Each structure stands twice: as C-alpha cells, then as structure tokens.
Asker: 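If you scroll down you'll find the structure; I have some questions about it.
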Amino acid sequence: MSVRVRFAPSPTGLLHIGGLRTALYNYLFARHHGGQFILRIEDTDQSRYVEGAEEDIIRSLRWAGLLYDEGPDVGGPYGPYRQSERSELYRRHAHELVQKGYAYYAFDTPEELEAMRERLQRAGNPSPKYNAITRLSMKNSLTLPEEEVRRRLEAGEAYVIRLKVPRGEVIRFYDEIRGWVAFESEELDDQVLLKSDGLPTYHLANVVDDHYMQITHVIRGEEWLSSTPKHILLYRYFGWEPPKMAHLPLILNPQGGKLSKRSAAELGIPVNVRDYIEAGFLPEAVVNFLAFLGWNPGDEREIMTLPELAEAFSLDRVVKSGAVFNFDKLKWYNQQYIRRKPDAELVEAVRRELIARQMPVPDEAYLFGVVRLMKERVEFIHEFVTFSRYFFEDPTEYAPEGIEKHWKEDTPALLEAYRKRLEAIAETEFTAERVEAELRALAAERGVSAARLIHPTRLALTGMTFGPGLFELMAVLGRERCLRRLHRALELIPASWQVPPTPE
RNA sequence: GGCGCGUUCGUCUAGGGGUUAGGACACGGCCCUUUCAAGGCCGGAACACGGGUUCGAAUCCCGUACGCGCCA
C-alpha cells in the first residue's frame, strides 16, 4: 500500500513555525516513500476560526516548497479537504457509534457538568471525569429511559454524543518514534464526539477523515500523544485499522517551554512562518534548519536541500526529546544558502529589495559587482542594501570612530593627491589593479604606509570603517562615484573633525 | 493534582555494553589581511542524580529529581 500522510492544521491563525516543521516531516516522509502528502483543513471549531488563516497556511507551505498532492485548493480523489464541508459524514458516524453501543447521547447542561465536577472534587477526586462511573449519575441515553431519550431527541433538545470509554482496560499503541505507549482507560474521559451544534470535535473528525482519506501514517506533534488512546478506541469501534502513529518532539523556546506566541515574542523569536518570510529568511534555510530540529541524517552533513532531505529521511532517526529553537543557527543556515545562490539570482533579489525600498536601481553590471563583493558578508538579502547602503547612495555621514582613528593632520592633503591621480585615470581603465597601483605609488612617494591612505579613502567613499576590499570596492563604485565622494568628504570631514564634542 | 513523554557540551545532535564521548551553531585564540567578513588551524565546553545487572555502563533495569505535554 502506498504511503499517505497529511498535514492537518486548524485555521486558527497564521501558520506557526512548529506547524511548518510538522508539515515538513510529513512531506519528507511521503516523498521518501514515493507516497502522497495531503493538506486537510480542520476547521470544525467555528469559535476559533480566523479569516485568512487558510490562505496563510497555503502560502506558507508553497513558500517552503512543500507541495501537496491533495488539498482544498488543488482537489483530489478523497475530498473535500476542508472539514467544514464534511459535517454530514461525521454526524453519520457519531450516530453509527451510538447504534453500535460504543457511544451515547448526553443531555447534561453546562451547569450540571459543573456541579458534577464540584461534587467529585469535594469528595477528594483531583481530576473529575465524565466516565464509566460518573456517567451513571448523569443525564444520558444510558441512564434515562428509552422513552425519554426519544422524546428529548424528537423535541430537538440539545445533546452531545459521547464516546463510551471502557473500564479497566489498558490501551496500547506503538509509536514509530517512542515505541510502545500505554494508557489506562480509567484516565480517559467519555470524550464528546459530536457537539450540540452538530459539529464534530477534533477527535472524531480526525479519525474519520484519516480513515476515509486512507492515511497510512499519522505524523504530528507530541501534544497529541495523550489523545491517541481515544483515537485508537475510535478506530476499534468503527472496525477500522488504525494508521501508524508517530509523535514528533516539541519545539521549545530558549527557556525550555513550548514555543508559543507569547513566550517567543518575549524572547524575540518570531513564531509565524510569515514573520520569517518577511524577515528575509530563505525557504531553503528555514527548511534545512527545521529538518534538523529533531532529526539528523546519521552522518555529518549539515547543509541539505529538500530533495536530499527527502532521500535521507526516516522516522527512526527522529529524536524523542524537545528541541530548543536556535535562532543563531537559523541565521547561519541563511548565510550558507545566500553564499550558495547563483549571483544572477541574488541580483534579482537585490533589485526587488531596492524597488521595495523605493531606491534607484543601478544597471545590472553594477548589481553583479555589488553581489560579488557582498555575498560572503551578509546573512540576509536585505543586508545587500541596508548593510552597505553606500553602493546605492553617497554617504552623508562618516563614522566618528573612523574619523578619530584614521583622519590625521595630513590626511586631506594625501586624499586630495590620490583624488588627482584617480581623476587622471580613464573611465575604462578604472580597475581594482590600477587604483591600487596608484595608491601604493602615492604612498611610496610620500613615504607613508598604504594604510594611511586606504582607511581614510574607505571612510570617504563609504562613510564606514569596514567592508569589502577597498580596491575592488572602488572598481565597482566606478570612477565618477569615487571622485565625487572623495571631493565631498574632503569638504565635510575636516569641518566635522574640528568641531569639539558637544558637552553633555 | 492525575496521566503520559523526555533528560549527552550554552544550543542542535552522533554514539545504544569496552570511544582520548564525534560533528554543527555560538564563544575564545591564532593564521590570512588595508578593514569587516569568509576561510584555515587550535581551544574551552556534556553523558541529571542514586542504586542495581556486568569483568566493564553514557549505553541495559529500577528509583529519584527535574523539564515538558495533555487533562482538570
């Protein structure tokens, strides 16, 4: 049988980075086995539905390259892929379970449920449940006379359908990542399967869909581990073969807790995939990083593309313990992928960045120059523009520490002499080799070290004290910019240099 | 509180009876160098604790602690 897995998010907000990892592992597993990867939207909880969330999920998966074979927007033979469009199926199955005696109608009001909990708690029960014992004293189709049940149903009275969890049984299942896991049925609640609004709960809809969509492996977050016994029971009562189960370790924030919206915001870590897109992370970097958060290929590779990951992926190499999100490592991945990108692609990215910032776009040759000089010095695409703005705009300010360190009494005279030499070079001969030769010749002539010219020149041309090699930088900037900027700096810097520090 | 899951450098992890406990990020040093990166070399840094099994335990078993998840 062909492998079929699904990513089944609830559209309750923007896609979470942890959700993307779950999707990724499902995707990798499917591709590794040549199976199908399905997107299913679990939108049965009307109260938590967020407008636009489904679009964000789809956009995020696309961005990451996790293309699914079946889903709400691409269709497929087992649709619809949105649970809100499958309500009738769940309702029918809930009632089927009642008929078979594995579930029952319950008419208890919220007040009655609350009263039950209080009563049990007073009696010393720390975690009151609606279960094999307490159900006997509640209002449901197991305790009420058949006649009354029918009357209530016919009168349209509100009811839920609850799972009739057996007593005194150990429910075991094999988790592909954790091995055998066992729960006492005593610990389970008579889970509501169908709510009074006629819509299913997560548990029912999930099991029914996984069955009808012929899901072979359920790969999801560890937070679902404790509801798995209920699902196992449902499969058994429907007479279905349960899929294989695999519960992934959680992604933790640097303090060790679940990476939630709030905790992450406090620690300065974005949680929504959209945040990563907007921050300028490359999908390859995020994918590679997430893949390694709880999994490794078993050799010492660190940089792996999506196809390589798919090739190497297996559930038995998934780690059991939670993984702390390491933002520094993600940035390192981003840098690695920028360095591996073809220059032409980076040129396009820089062009887009300039347009987005409404900055003038230089010609292509110039952009290639910028990219070649900067690609090993940036962690993000936007740094081509923000980190080294001087490629696109003349500097208007000069780093004070640079002035202090490199701007000496004789600097203006040296720079002016250098400017004159540069001016004498023809535009077409303005190469890195040539400007370097001129500078070194001048330094020798004046009996000063090359550094005495190099640093002030950099400062004058860029306003900064660091950056790519000066001569290559000059070659990219070109004759006109260099002359103009040198001239301008000679006018501006001595003045600012002589201004005494403003008293505090 | 109950139940479940987990625990190897600061972080991600390899290793599953005999290893100088390996790699990556981060950190520090050196080299390269006009600066900053990149790169190269080097370094510090871990088996939660206590029992047991065994000639031998990071590795197997039990317990404790701690963390996390779910439920309330």
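Just so we're on the same page: letters track the sequence lines, and every chain starts at 1. In this text the structure is predicted, and so the values were computed from the model without any measurement.
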Asker: Here's a test of your reading of the structure: between Leu250(A) and Pro468(A), which maps to the more 5' nucleotide of RNA chain B?
Answerer: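 Nearest-nucleotide comparison on RNA chain B picks Pro468(A).
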Asker: How many Å lie between OH on Tyr333(A) and P on rA26(B), as a whole number?
Answerer: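 Interatomic distance, OH of Tyr333(A) to P of rA26(B): 11 Å.
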Asker: Is the shortest distance from a Lys or Arg side-chain nitrogen in Glu438(A) or Arg421(A) to a carboxylate oxygen in the other one below 4.0 Å?
Answerer: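 Judged by the 4.0 Å cut-off on N to carboxylate O distance, Glu438(A) and Arg421(A) do form a salt bridge.
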Asker: Establish, for the pair Arg389(A) and Phe392(A), whether the NZ or CZ atom is under 6.0 angstrom from the six-membered ring centre and no further than 45 degrees off its axis.
Answerer: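 No, cation not above the ring by the 6.0 Å, 45° rule.
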Asker: Heavy-atom count check: over 12 atoms from other residues, nucleotides or ligands less than 6.0 Å from Arg236(A) CZ?
Answerer: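 It does: Arg236(A) CZ has more than 12 such atoms within range.
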Asker: Should rA58(B) form a Watson-Crick or G-U wobble pair with both distances under 3.5 Å, which nucleotide is its partner?
Answerer: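 The base-pairing partner of rA58(B), which may sit in any strand shown, does not exist here.
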Asker: Among the nucleotides rA26(B), rA38(B), rU34(B), which one has an atom lying closest to any side-chain atom of Arg440(A)?
Answerer: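 Within the option list, the nearest is rU34(B).
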Asker: Check side-chain contact (heavy atoms from CB on, under 4.5 Å) between Thr109(A) and all other residues, then give those that pass, not counting sequence neighbours.
Answerer: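 By the side-chain contact (heavy atoms from CB on, under 4.5 Å) rule, Thr109(A) matches Glu111(A), Glu112(A).
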Asker: Enumerate the protein-to-nucleotides 9-11 of chain B contacts in which both atoms are nitrogen or oxygen and the separation is below 3.5 Å.
Answerer:
from	atom 1	to	atom 2	distance (Å)
rU11(B)	O2	Asn326(A)	ND2	3.3

Asker: Taking pairing as Watson-Crick or G-U wobble with both contacts under 3.5 Å, can you name the mate of rG4(B), or confirm there isn't one?
Answerer: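 The base-pairing partner of rG4(B), which may sit in any strand shown, is rC68(B).
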Asker: May I ask you to decide if the ring planes of Tyr276(A) and Phe281(A) are parallel, tilted or perpendicular, using 30° and 60° as cut-offs?
Answerer: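 Plane angle between 30° and 60°, so tilted.
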Asker: Look through every strand shown and name the nucleotide pairing with rC30(B) as Watson-Crick or G-U wobble, where both distances are under 3.5 Å.
Answerer: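 Result: rG40(B).
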Asker: Please determine if Arg377(A) forms a cation-pi arrangement with Phe387(A), meaning its NZ or CZ atom is less than 6.0 Å from the six-membered ring centre and no more than 45° off the ring axis.
Answerer: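 Arg377(A) over Phe387(A) ring: no.
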Asker: Among the candidates rG6(B), rG39(B), rA14(B), find the nucleotide nearest to the side-chain atoms of Arg317(A).
Answerer: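 My answer, after comparing the listed nucleotides, is rA14(B).
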Asker: What is the pairing partner of rA24(B), taking Watson-Crick or G-U wobble pairs with both distances under 3.5 Å in any strand?
Answerer: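 Answer to the pairing question: rU11(B), which forms a Watson-Crick or G-U pair with rA24(B).
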Asker: In the structure shown, which nucleotide is the Watson-Crick or G-U wobble counterpart of rU35(B), with both distances under 3.5 Å?
Answerer: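 Across any shown strand, rU35(B) pairs with none.
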Asker: State which of rC25(B), rA38(B), rC5(B) makes the closest approach to the side chain of Arg339(A).
Answerer: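 When the side chain of Arg339(A) is considered, rA38(B) is the closest of rC25(B), rA38(B), rC5(B).
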Asker: For rA46(B), what is the paired nucleotide under Watson-Crick or G-U wobble rules, both distances under 3.5 Å?
Answerer: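 rA46(B) is unpaired by these criteria.
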Asker: Would you please classify the geometry between the Phe380(A) ring and the His382(A) ring as parallel, tilted or perpendicular, with 30° and 60° separating the classes?
Answerer: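 Judged by the thresholds at 30° and 60°, the geometry between His382(A) and Phe380(A) is parallel.
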Asker: Counting distance alone, no hydrogens or angles: does the base of rC5(B) have a donor or acceptor under 3.5 Å from a partner atom on the side chain of Arg178(A)?
Answerer: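 Answer no: no donor N or O sits under 3.5 Å from an acceptor.
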